[in-house]
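Structure, as structure tokens:
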Amino acid sequence: MLFNSLTFLVFIIIVFFAFWFLFKSVKKQNIFILAASYIFYGWWDYRFLFLILFSTLLDFYLAKKIYKSTNKRKQKNYLWLSLIANLGLLLVFKYYNFFTNSFQDLCSVLGVHLKLSTLNVILPVGISFYTFQTLSYTIDVYRAKLKPTKDFIAFASFVTFFPQLVAGPIERATNLLPQFYKNKKFNFDFAKSGVELIIWGLFKKVVIADSCAVYVDYIFSEYESQNSITLILGAVYFAFQIYGDFSGYTDIAIGTGRLLGFNLLPNFKTPYFSRNIAEFWRRWHISLTTWFKDYIYIPLGGSRGSKRLQVRNVFVIFLISGFWHGANWTYLFWGGLNAIYFIPSMLLNNNRKYTDKIEFSVLSILKMMMTFAITCFAWIFFRANSLTIAFGYIKKIFEFDISNPIKYLSIDRYNIEMIPLITLFLILELIGINKETPLLGKYSYLKTVSVLLLIIMLGVFSNQKDFIYFQF
Amino acid sequence: MKKFLKYIISIVFSLLLIAVLLDIVYTTVIEKTIPRNKVRYALSLKDKHYDVLFLGSSRVQNSIVTSMFKENNITILNMGLEGATLGDNWLMLDLLKKNKVTFDRIFVQLDYMYNSKDNSFSDRSKSNLLPLIRKKNIREIFKKTDTDFNKNYYIPFYRYLTNSYSIGFREFVSSLLNKKPRISFEDGFTPKYGNSKLAKEQLPKSIISHSKIYNKINNTCISMGVEPIYFIAPYCSKMIDNGFVKKLDSVVNNFYDYSRSIKNDNNFSNCSHLNIDGAKEFTEVIINDFF
């Protein structure tokens with residue numbers, strides 16, 4: 001069920017009214033949320049519901065076992081069991097074919113021709129998100145940061161909460177789980193902010209991301225016949241496509257949660273206004289970055305220890321982050337490239353230099369542009385279907401071919417047409433730089449209606465696209 | 001909650017108001033400005049006579065050089081449409097007939113699309129006409145053929161939203177600015193240049209025994225007093241025929257096979273589309289054979 005579909009609109013209207021008018025007690029509300037979440041997921045493919053149920057049951061049970069056990073070794077064994085089971089699911093569904101094919105390719109390079117069988121299964125939507133969510137719960141219980149819940153329905157609702165089930169934000173039990181214990185009281189301002197977030201998220205998705213996608217798909221598939229300017233624009237458009245797509249999804253998820261009285265974690269903070277790559281990673285996909293920081297980077301030693309260890313830790317974290325996105329060498333390369341970008345600021349101790357406050361001096365703007373440029377360069381690897389294509393694309397850029405700079409993408413479409421739209425988006429982002437959305441504050445109703453007008457006029461509805469992060 | 005419901009109702013009301021206003025503005029602008037596609041161009045023609053009409057897909061649009069006919073004092077309409085179905089060809093013919101546009105000869109290009117079982121229009125033709133759905137003659141066409149008729153007709157702006165790629169904001173602005181279309185419809189010919197690597201293509205192995213839409217085209221032409229001439233446009237040497245052309249010949253009256261009429265593969269832009277040189281050569285063949 002896509003957030004930008006009519007089906008979801010009908011679904012959320014039914015869920016909203018049933019939640020507030022039919023179910024008054026917490027228990028009943030949680031049962032209803034759980035049922036709605038299973039319907040939401042099952043709408044895509046009901047066969048994979050058993051995977052979520054398995055993960056839910058396993059971690060609910062193991063967390064209890066960890067908490068009850070006084071023996072450290074036993075606790076560790078239970079944690080390992082949770083890690084192996086959850087990551088095992090990921091390995092089978094997401095990475096098995098990649099490892100098999102890569103091993104086969106390696107053997108054939110060495111002259112050994114193997115024919116290993118691969119799995120013919122589709123990747124269950126959202127598996128990387130809910131797996132990490134349940135894992136964080138078990139790890140937090142193991143670290144005694146959290147007491148395991150006795151309420152299975154609340155826990156199952158936490159794991160499957162439909163607004164964030166398939167593409168995050170990856171919630172922490174410490175934030176979301178307690179919200180399932182409290183009786184919800186309807187709050188007008190909170191729900192209104194939810195509607196504004198949904199509308200702003202829709203704008204990002206159907207106006208910005210899907211418009212960019214028309215150009216990006218064409219430029220990347222026909223990169224061999226494009227000139228340098230078009231290829232640079234292709235990478236810039238993709239930067240806005242992926243941002244509009246993913247942060248748009250997050251806004252809709254957070255907004256939908258608020259309609260039901262839940263507050264989800266923020267996931268983006270205007271990342272393209274970052275002044276260095278470290279700041280970018282504090283503003284981009286925050287829930288995943290902090291997950292990696294808390295559960296991998298800090299246990300590895302983080303920024304403590306020798307410089308060599310620090311560099312190793314940064315590489316580990318970025319390579320895992322790349323690999324988390326997908327079973328393809330392009331994602332690994334993208335992760336590695338980001339590590340290379342990050343290391344100089346870490347070694348110079350200025351990775352914490354920029355706090356949340358953004359200033360717009362000439363130097364800051366230059367730094368923002370530089371950070372955006374290197375981010376776009378890395379996005380080429382993220383978007384390309386293979387490393388060969390990515391390198392081919394970059395090679396074509398550096399041929400500095402500027403002949404025929406305005407090329408037809410298809411009938412009557414010019415590649416410069418997107419620039420005014422992206423400029424408008426950046427202005428709106430600037431207006432809302434210290435707010436959740438630019439729609440908040442004075443004249444919010446007028447701003448909301450204006451954005452609705454833009455959605456209707458400029459949105460892409462004829463060639464609707466799935467959210468990019470559904471595939472991860 | 002009451003306050004929130006009032007807020008939601010006001011948002012929905014604003015949305016509806018926006019949709020109604022945009023529907024009126026878009027439709028008025030598109031109606032009052034120059035036609036920017038061939039379907040609307042066909043609608044704009046009234047009480048005219050041409051010597052020749054060519055119907056078909058891009059394989060007609062890119063292959064029939066209209067200027068060569070005009071040099072021989074032959075008036076011509078090239079109504080080949082990229083991605084056209086036989087349903088589109090019939091629609092074009094029907095619109096021209098209703099507008100009393102007459103012809104001495106009608107050429108209809110046929111190939112694998114003969115096998116399409118339904119008589120529906122392509123998205124492109126459909127969307128080109130959708131702005132005019134509230135006009136009586138267009139409404140009748142959609143009522144019979146469009147599965148989304150009720151949504152397109154009754155929900156304001158719905159048709160512009162769901163066809164935003166072809167009749168959305170960009171098209172609205174282009175119409176508003178009276179921006180001329182990329183091709184001249186009076187000419188109707190769009191040349192292709194150069195030639196890419198020719199890939200192997202195949203025609204179907206079988207043919208359907210009865211095509212409703214072919215019969216419809218045939219009957220419309222006859223009701224216009226013209227016996228249609230059907231032909232298959234050229235393919236490159238890499239096209240595998242699978243005996244389809246022979247089968248087409250056996251089920252279609254007055255059929256001409258030009259599938260191998262252009263021998264030089266350098267005259268193709270891709271295996272099923274001629275480049276400008278190929279188009280000139282093919283047009284020459286047609287003129288010599290029929291005029």
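In what follows, chains carry the letters A, B, and so on, assigned in the order in which the sequence lines appear, proteins first and then strands, with residues in each chain numbered from 1. We use all heavy atoms of the structure for the numbers below, so side chains are in, but hydrogens, waters and symmetry mates are not.
- Between chain B and the residues Ile456(A), Leu452(A), Ile455(A), the most heavy-atom pairs under 4.5 angstrom are made by Ile456(A).
- Using a 4.5 Å cut-off between heavy atoms, Phe21(A) contacts chain B through its side chain alone, with no backbone atom that close.
- A salt bridge is defined here as a Lys NZ or Arg NE, NH1 or NH2 lying under 4.0 Å from an Asp or Glu carboxylate O, and Asp146(B) with Arg139(B) fails to meet this definition.
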How far apart are the C-alpha atoms of Arg134(B) and Thr27(B), what are their side-chain angles, what is the distance that settles it, and do they pass the side-chain hydrogen bond (donor to acceptor under 3.5 Å, both in side chains) test? CA-CA 10 Å; Arg134(B) 298 214 171 86; Thr27(B) 309; 5.3 Å; no

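- Looking at Tyr160(B), neither its backbone nor its side chain comes within 4.5 Å of chain A, counting heavy atoms on both sides.
- Looking at Leu17(B), there are no atoms closer than 4.5 Å to chain A (heavy atoms on both sides), in backbone or side chain.
- In this structure, chain A has heavy atoms under 4.5 Å from both the backbone and the side chain of Ser10(B).
- For chain A, the option among Asn163(B), Ile11(B), Leu21(B) with the highest count of heavy-atom pairs below 4.5 Å is Ile11(B).
- Only the side chain of Leu259(A) comes within less than 4.5 Å of a heavy atom in chain B; its backbone stays farther off.
- Taking a cutoff of 4.0 Å between a charged side-chain nitrogen and a carboxylate oxygen, Arg159(B) and Asp148(B) do not qualify as a salt bridge.
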Take Tyr112(B) and Glu201(B) through the test side-chain hydrogen bond (donor to acceptor under 3.5 Å, both in side chains) and record every step on the way to the result. CA-CA 12 Å; Tyr112(B) 60 87; Glu201(B) 287 188 34; over 6 Å; no

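- Between Phe11(A) and Phe40(A), the ring-plane angle classifies as tilted under the 30° and 60° cut-offs.
- In this structure, chain A has a heavy atom under 4.5 Å from the side chain of Leu22(B), while its backbone stays farther away.
- Contacts of Phe157(B) with chain A are made by side-chain atoms alone, with heavy-atom separations under 4.5 Å and no backbone atom involved.
- Checked by atom type and distance alone, the side chain of Asp88(B) pairs as donor or acceptor with a backbone atom of Thr85(B) at under 3.5 Å.
- Using a 4.5 Å cut-off between heavy atoms, Val449(A) touches chain B through backbone and side chain atoms alike.
- At distances below 3.5 Å, not a single donor-acceptor pair connects side-chain atoms of Lys205(A) with backbone N or O atoms of Tyr249(A).
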